[in-house]
Asker: 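Submitted below is the structure of interest, expressed as structure tokens.
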Amino acid sequence: MKIVMEEAPALKDAIEAIVNLVEEGVFEIGEEGVKLKAMDPSQISMISFSMPKKIFREYSAGEQKRIGLDISKFSKMLARGVSGESVEMGVEEGRLILTFKGGKKKRTFRLPLLDLGEGLEREPKIEYKNSVVINADALREVLKDAKLVSTHITLIADEKKFRVEIKGDDGEISEEFEKDGVALKELKVGAPAKATYPLSYMEDMIKAAKSETDITIYLENDRPLKMEYAVAGAEAKYYLAPRIESA
Amino acid sequence: MKIVMEEAPALKDAIEAIVNLVEEGVFEIGEEGVKLKAMDPSQISMISFSMPKKIFREYSAGEQKRIGLDISKFSKMLARGVSGESVEMGVEEGRLILTFKGGKKKRTFRLPLLDLGEGLEREPKIEYKNSVVINADALREVLKDAKLVSTHITLIADEKKFRVEIKGDDGEISEEFEKDGVALKELKVGAPAKATYPLSYMEDMIKAAKSETDITIYLENDRPLKMEYAVAGAEAKYYLAPRIESA
Amino acid sequence: MKIVMEEAPALKDAIEAIVNLVEEGVFEIGEEGVKLKAMDPSQISMISFSMPKKIFREYSAGEQKRIGLDISKFSKMLARGVSGESVEMGVEEGRLILTFKGGKKKRTFRLPLLDLGEGLEREPKIEYKNSVVINADALREVLKDAKLVSTHITLIADEKKFRVEIKGDDGEISEEFEKDGVALKELKVGAPAKATYPLSYMEDMIKAAKSETDITIYLENDRPLKMEYAVAGAEAKYYLAPRIESA
């Protein structure tokens with residue numbers, strides 16, 4: 001395996017989409033690119049992450065198809081790359097070899113591979129009839145509002161508006177977005193939907209999204225939410241289980 | 001009651017003058033504006049705060065004349081307002097309704113009212129013969145110096161100078177200000193005065209003052225200090241009990 | 001003794017070179033300038049610090065030749081000086097008197113002198129055959145890399161390269177610098193050398209170095225490292241004991 005990213009910080013930005021949810025994970029190094037599917041330890045959320053071959057300067061998959069890593073340590077090593085440096089990834093003697101190059105300086109980081117067993121995660125098969133495209137920062141602000149009064153947030157999509165409701169002991173909040181091309185970019189509603197999700201997971205899921213990123217949220221009544229966005233050429237896709245109110 | 005502030009952050013800035021000293025308080029919604037008088041829980045300091053009707057875009061007092069609030073939660077909700085948004089306050093079903101509006105987005109926060117009983121705070125009636133007008137940042141720097149060696153600060157005003165003295169186990173500090181139009185703007189002394197006050201309260205009292213604000217301090221020998229300044233159109237007035245050295 | 005520094009923050013910057021390693025110390029006030037030699041409490045590192053007379057606006061040594069101080073408190077007082085203020089140091093009644101002046105404001109800080117006994121620290125006498133001149137920020141980045149996997153760092157100088165190696169349970173790192181005039185300014189090797197040092201001390205030793213400072217490191221096999229740099233006209237010289245691997 002030899003995979004080279006022209007700008008080291010871009011790889012760090014992409015991996016950021018995983019590190020907030022899972023501590024360990026298996027990267028699958030395929031002919032078409034790198035993939036990772038993982039559930040967070042509490043099994044409330046799932047990530048399906050992929051980096052297509054084309055975002056790399058050099059890409060050859062090699063023999064070892066599965067690379068188990070401590071994602072947190074991997075991310076911290078990547079974070080040491082600076083603009084102007086390339087980063088090359090290889091595997092040697094049971095270790096991931098990360099080589100940063102730039103100018104007359106060369107840095108090599110070695111990270112032990114983990115034996116994590118087969119990944120059996122399957123993505124939920126849900127036909128979503130509703131989707132919302134919202135600006136990443138606008139969504140982040142909604143979550144900050146929500147945290148003032150609760151740990152959960154209710155998302156509601158109907159034909160005209162995207163709404164959120166948050167209820168807690170310290171107060172209540174309701175917010176309405178009409179399609180404005182700035183915060184709410186798109187609103188497609190097949191059948192109005194409403195569901196409640198844990199705030200902290202939503203925060204972690206959008207942490208890697210850059211300010212002006214479009215976030216697509218798919219929503220069905222009391223079903224898992226699906227969220228998608230692009231970061232540094234990679235695609236991050238998340239599923240998040242709803243909280244079902246006991247009747 | 002319907003009260004609208006054109007720029008939401010201005011209301012947050014004004015309320016900042018209260019939140020550092022008191023956790024709960026009763027706003028009186030009068031014909032001429034909003035007032036609040038409260039003592040801090042330790043009864044060492046008192047605030048008398050007022051926002052005149054004219055700083056609001058819309059102002060109608062309504063039936064409910066007294067609004068008891070958790071000031072800290074109120075302030076955190078106000079802090080969610082951004083430049084370009086207006087904020088409207090109303091009362092409904094025992095709750096304060098805060099509505100932020102700007103563009104095609106509308107956010108409504110509801111905060112339960114508190115039943116806090118009659119406010120009986122009375123402002124001390126002291127005829128001050130001495131006053132000092134000092135720049136807010138200059139005063140902040142004095143307090144930072146003072147914290148290095150003590151928890152109290154002695155203020156001294158005489159005909160020529162405004163002085164502070166701080167004594168502690170870790171050292172001593174003395175500072176002198178002559179009227180210079182920059183740090184010390186004004187010095188009126190009827191009878192030289194000297195008194196010692198707790199630093200942490202003074203810090204809290206000036207926290208809401210913007211950098212270039214003029215702070216007026218009224219001083220008498222071993223009597224409560226009075227401090228006044230304006231913030232976002234509101235007037236903040238504080239009293240602070242002196243520490244009397246036992247003879 | 002009367003010593004005046006034109007710009008108070010410069011004195012703070014210089015003292016910064018000491019405060020990170022030693023808590024108390026004795027300044028020797030000589031005819032040619034101010035010196036301090038001290039070991040850190042764990043006796044793993046040593047500093048030899050000097051400020052030549054010429055960096056001061058006024059300098060007269062006076063009778064008291066040795067000034068024992070709590071360096072941390074001294075540094076915090078100096079940190080209160082601002083650009084545009086001068087600072088004067090004198091001694092009075094067993095206390096160091098620091099006077100900041102600027103405009104119509106005068107601030108005097110008094111710090112008790114400590115009776116710290118005779119300083120007997122002697123600098124190691126080592127003839128170094130190897131030296132490396134490296135940019136301060138580049139060295140700081142090396143130490144940040146190293147912290148990811150270990151508490152120690154191995155420095156290696158040979159004819160062509162300056163290298164570092166770091167090994168720990170969480171991975172391994174190796175870095176190579178060729179002379180490039182940017183990160184590695186100079187490399188003089190008489191006999192290739194290699195030794196291992198504790199990271200946290202190296203961090204503390206370079207903390208006072210400004211971004212573009214040249215740091216000179218002298219290196220011998222398993223001998224103490226010597227490090228030198230200039231800050232605000234003062235010269236900071238450090239020694240650091242190596243970790244010797246048991247055979």
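Just so it is clear: chains get the letters A, B, ... in the order the sequence lines come, proteins before strands, and each one is counted from 1. Since this is a predicted model, take the numbers as computed values, not measurements.
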Asker: If every non-hydrogen atom of A:Ala241 is compared with every non-hydrogen atom of A:Tyr197, which pair is closest and at what distance?
Answerer: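 In terms of heavy atoms, the two residues are closest at O-CD2, 3.6 Å.
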
Asker: Taking all non-hydrogen atoms of both residues, which atom of A:Ser86 and which atom of A:Val4 are closest, and how far apart?
Answerer: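 Smallest heavy-atom distance, with atoms named: CB-CG1, 4.5 Å.
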
Asker: For the residue pair C:Thr216 and C:Ser131, what are the closest heavy atoms and their distance?
Answerer: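 Heavy atoms of C:Thr216 and C:Ser131 come nearest at CG2-CB, 4.4 Å.
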
Asker: How about residues 140-174 of chain C versus chain A: which residues have heavy atoms under 4.5 Å apart?
Answerer: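 So the qualifying residues are C:Glu141, C:Lys144, C:Asp145, C:Leu148, C:Val149, C:Asp169, C:Asp170, C:Gly171, C:Glu172, C:Ile173, C:Ser174.
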
Asker: Would you please go through residues 9-23 of chain C and name the residues with a non-hydrogen atom below 4.5 Å from one of chain A, in numerical order?
Answerer: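 The residues closer than 4.5 Å to chain A amount to none at all.
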
Asker: Enumerate, atom names and distances included, each donor-acceptor pair closer than 3.5 Å involving a side-chain atom of residues 221-230 of chain C, sequence neighbours excluded.
Answerer:
from	atom 1	to	atom 2	distance (Å)
C:Asn221	OD1	C:Lys194	N	2.9
C:Tyr229	OH	C:Met205	O	2.7
C:Tyr229	OH	C:Tyr238	OH	3.3

Asker: Taking the side chain as every heavy atom from C-beta outward, state whether A:Leu139 and A:Ile217 have any pair of such atoms under 4.5 Å apart.
Answerer: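 In contact.
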
Asker: Restricting to non-hydrogen atoms, name the atom on C:Val133 and the atom on C:Asp214 that form the minimum distance, rounded to 0.1 Å.
Answerer: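 Here C:Val133 and C:Asp214 meet closest at CG1-CB, 3.8 Å.
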
Asker: For atom NZ of A:Lys65, decide whether the heavy atoms of other residues, nucleotides or ligands shown that lie under 6.0 angstrom number more than 12.
Answerer: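 Result for NZ/A:Lys65: enclosed.
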
Asker: Please flag which part of A:Lys105 lies under 4.5 Å from any non-hydrogen atom of chain C: side chain, backbone, both or neither.
Answerer: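 Both backbone and side chain.
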
Asker: Write down the atom of C:Ser45, the atom of C:Asp40, and the distance for their closest heavy-atom approach.
Answerer: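 C:Ser45 and C:Asp40 have their closest heavy atoms at N-OD1, 2.6 Å.
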
Asker: Would you please classify the geometry between the C:Tyr128 ring and the C:Tyr218 ring as parallel, tilted or perpendicular, with 30° and 60° separating the classes?
Answerer: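 C:Tyr218 vs C:Tyr128 ring planes: tilted.
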
Asker: Any side-chain heavy atom of C:Thr196 sitting closer than 4.5 Å to one from C:Pro242?
Answerer: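 Heavy-atom side-chain distance check fails, nothing below 4.5 Å.
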
Asker: If you look at every heavy atom in A:Ala136 and A:Lys210, which pair is closest and at what distance?
Answerer: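 Shortest heavy-atom contact: CB-O, 3.4 Å.
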
Asker: With respect to C:Ser48, which candidate in C:Lys37, C:Lys237, C:Lys35, C:Glu123 satisfies the side-chain hydrogen bond (donor to acceptor under 3.5 Å, both in side chains) definition?
Answerer: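 Considering C:Lys37, C:Lys237, C:Lys35, C:Glu123, a side-chain hydrogen bond (donor to acceptor under 3.5 Å, both in side chains) with C:Ser48 is found only for C:Glu123.
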
Asker: Taking side chain as C-beta onward, heavy atoms only, is A:Ile67 less than 4.5 Å from A:Ile29?
Answerer: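 They are in side-chain contact.
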
Asker: Tell me the residues of residues 74-83 of chain A whose non-hydrogen atoms fall below 4.5 Å from those of chain C, in number order.
Answerer: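 Those residues of residues 74-83 of chain A which have a heavy atom under 4.5 Å from chain C are A:Lys76, A:Met77, A:Arg80.
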
